[in-house]
Amino acid sequence: MYKFAVFGNPVKHSLSPNIHTQFAQQTGLEISYDKILAPIDDFSSSAQVFINQGANGFNITVPFKLDAFKFASEFTLNAQTAGAVNTIKIEQDKIIGENTDGIGLVNDLTHNLGIELKDKIILILGAGGATQGILLPLLEQRPNRIMIANRTPSKAIKLAKDFAKFGKTCGFGLDKIKHNSVDIIINATSASLDGKMPDIASGVANDAICYDLMYGKQTPFMGWATTNHSSMISDGLGMLVEQAATAFEFWTGAKPNAKQVLSNLRR
């Protein structure tokens, strides 16, 4: 029996137990998977208690991904470049940190939505932790370039410079977005949480694929994309399922069928 959990605050809304239970049924593995509400200021103690109880691994959601990075003793390349951890695997005395968010996004875009990322021009809105977590896997798909636009231009510029060794990147302020259309727009801002849409040039959405990392509801970004003639619009539910599938394989070595679980959740 594998012992897993997801840590968050809040965490009641998490779909992770449902998703991982379906993965276990597919692969014939026995697991337990709990939701753990950790204190805002003491993630590490809660995580250590769970490890002491025989945990094999756990997921980490908002707001603990940076705390989990500090807690881990070893890192994958994805976690190291992201500077954040959303998945931890316990191997004897090693606490191995991984970040599956970017892999989840790429797999949803390419496997589920059938989008080719090579040579595409990608615009990412926001330069926070979410963007930092998805940049490396996106750049590994060899797009033409990735443009990062943020309300505070200096953050976007710094992030673009930090990742320039992995591919062509540039950073600027949201107000510098032009009406020229791009291939793909990814909303990685927290605006959808607040029910808002960044004030940007509308022409950039014309015939673009628009993807919001948020899921579970129609967001202002998705509404904006519809109004401004986007060619395809998606929320981030597929990314959630795909990043969970990568975590499950990281823990167990078994590769689940993410597309089937996504179909079940959509129904």
Verdict with reasoning, Thr81 to Leu135, per side chain to side chain contact (heavy atoms under 4.5 Å, CB included): CA-CA 9 Å; Thr81 54; Leu135 271 171; over 6 Å; no

Any side-chain heavy-atom pair of Leu125 and Phe221 under 4.5 Å: yes

Considering all heavy atoms, the nearest Asn9-Ala38 contact: ND2-O, 2.8 Å

ILVMFWY cluster, Tyr2 and Val6 together (side-chain gap under 4.5 Å): yes

Polar side chain donor-acceptor pair, Asn99 to Asn78, under 3.5 angstrom: no

Within one Ile-Leu-Val-Met-Phe-Trp-Tyr cluster: Ile200 and Ile184, side-chain cutoff 4.5 Å: no

pair Ile185-Trp224: side-chain heavy atoms closer than 4.5 Å: yes

Gln22 side-chain N/O to Val261 backbone N/O, donor-acceptor pair under 3.5 Å: no

Verify same cluster id: Phe75, Phe166 (apolar side-chain graph, 4.5 Å): no

Rounded distance (nearest 0.5 Å) linking atom OH of Tyr33 with atom CG of Asn18: 11.0 Å

Nearest heavy-atom neighbours spanning Lys35 and Val11: CD-O, 3.5 Å

Any side-chain heavy-atom pair of Leu138 and Ile124 under 4.5 Å: yes

Asp207 and Ser181 side chains, donor-acceptor separation under 3.5 Å: no

Any donor-acceptor N/O pair, Asn56 side chain to Lys3 backbone, under 3.5 Å: yes

Side chain to side chain contact (heavy atoms under 4.5 Å, CB included) evaluation trace for Asn59 with Asn86: CA-CA 5 Å; Asn59 295 123; Asn86 79 336; 5.6 Å; no

Under 3.5 Å donor-acceptor, Thr100 side chain and Ile103 backbone: no

Salt bridge Lys217-Asp212, side-chain N to carboxylate O under 4.0 Å: no

Value rounded to 0.5 Å, distance of OG1 in Thr246 from CH2 in Trp251: 11.0 Å

ring-ring contact (aromatic ring centres under 6.0 Å, His included) partner of Phe58, chosen from Phe4, Phe64, Phe7, Phe250: Phe7

Cluster check Ile209, Leu262: I/L/V/M/F/W/Y, side chain < 4.5 angstrom: no

Working for side chain to side chain contact (heavy atoms under 4.5 Å, CB included), residues Tyr211 and Leu113: CA-CA 11 Å; Tyr211 191 103; Leu113 300 175; 3.9 Å; yes

Short side-chain to backbone donor-acceptor contact, Asn150 and Ala156, under 3.5 Å: no

Asp101 side chain near Lys65 side chain, heavy-atom distance below 4.5 Å: yes

Spacing of CD1 belonging to Ile177 relative to CG belonging to Asp175, to within rounding of 0.5 Å: 8.5 Å

Least distance between heavy atoms, Gly8 atom then Thr61 atom: CA-CG2, 3.6 Å

Least distance between heavy atoms, Ala247 atom then Thr87 atom: CB-OG1, 3.6 Å

Test item: side-chain donor near acceptor, Asp67 and Ser44, under 3.5 Å: no

Whether over 12 other heavy atoms sit under 6.0 Å from Gln53 CD: yes

Matching residue for Phe23 among Leu29, Val241, Ile31 - test: side-chain contact (heavy atoms from CB on, under 4.5 Å): Val241

Any Leu240 side-chain heavy atom under 4.5 Å of Leu237 side chain: yes

Separation of Gln141 CD from Leu109 CG (nearest 0.5 Å): 9.0 Å

Expected output: side-chain Thr227 to main-chain Gly223 donor-acceptor under 3.5 Å: yes

In one Ile/Leu/Val/Met/Phe/Trp/Tyr side-chain cluster, 4.5 Å: Ile96, Phe71: no

Nearest-0.5 Å distance, CD of residue Gln132 to CG of residue Leu66: 8.5 Å

Pairwise distance NE2(His20) to OG1(Thr27) - rounded to 0.5 angstrom: 11.0 Å

Expected output: side-chain Asp34 to main-chain Ile36 donor-acceptor under 3.5 Å: no

Asp199, CG atom: more than 12 neighbouring heavy atoms under 6.0 Å: no

Side chain to side chain contact (heavy atoms under 4.5 Å, CB included) between Ile95 and Ile90, intermediate numbers included: CA-CA 5 Å; Ile95 301 171; Ile90 309 302; 4.2 Å; yes

Over all atoms of both residues, closest heavy-atom pair of Pro143 and Leu139: CD-O, 3.7 Å

Nearest atoms (heavy-atom pairs only) where Ala188 meets Ala130: O-CB, 4.0 Å

Check: Thr131 side chain, Gly126 main-chain N or O, donor-acceptor pair, under 3.5 Å: yes

Side-chain heavy atoms of Met232 within contact of Ile115, under 4.5 Å: yes

Residue pair Ile122 / Val182, side-chain heavy-atom distance below 4.5 Å: no

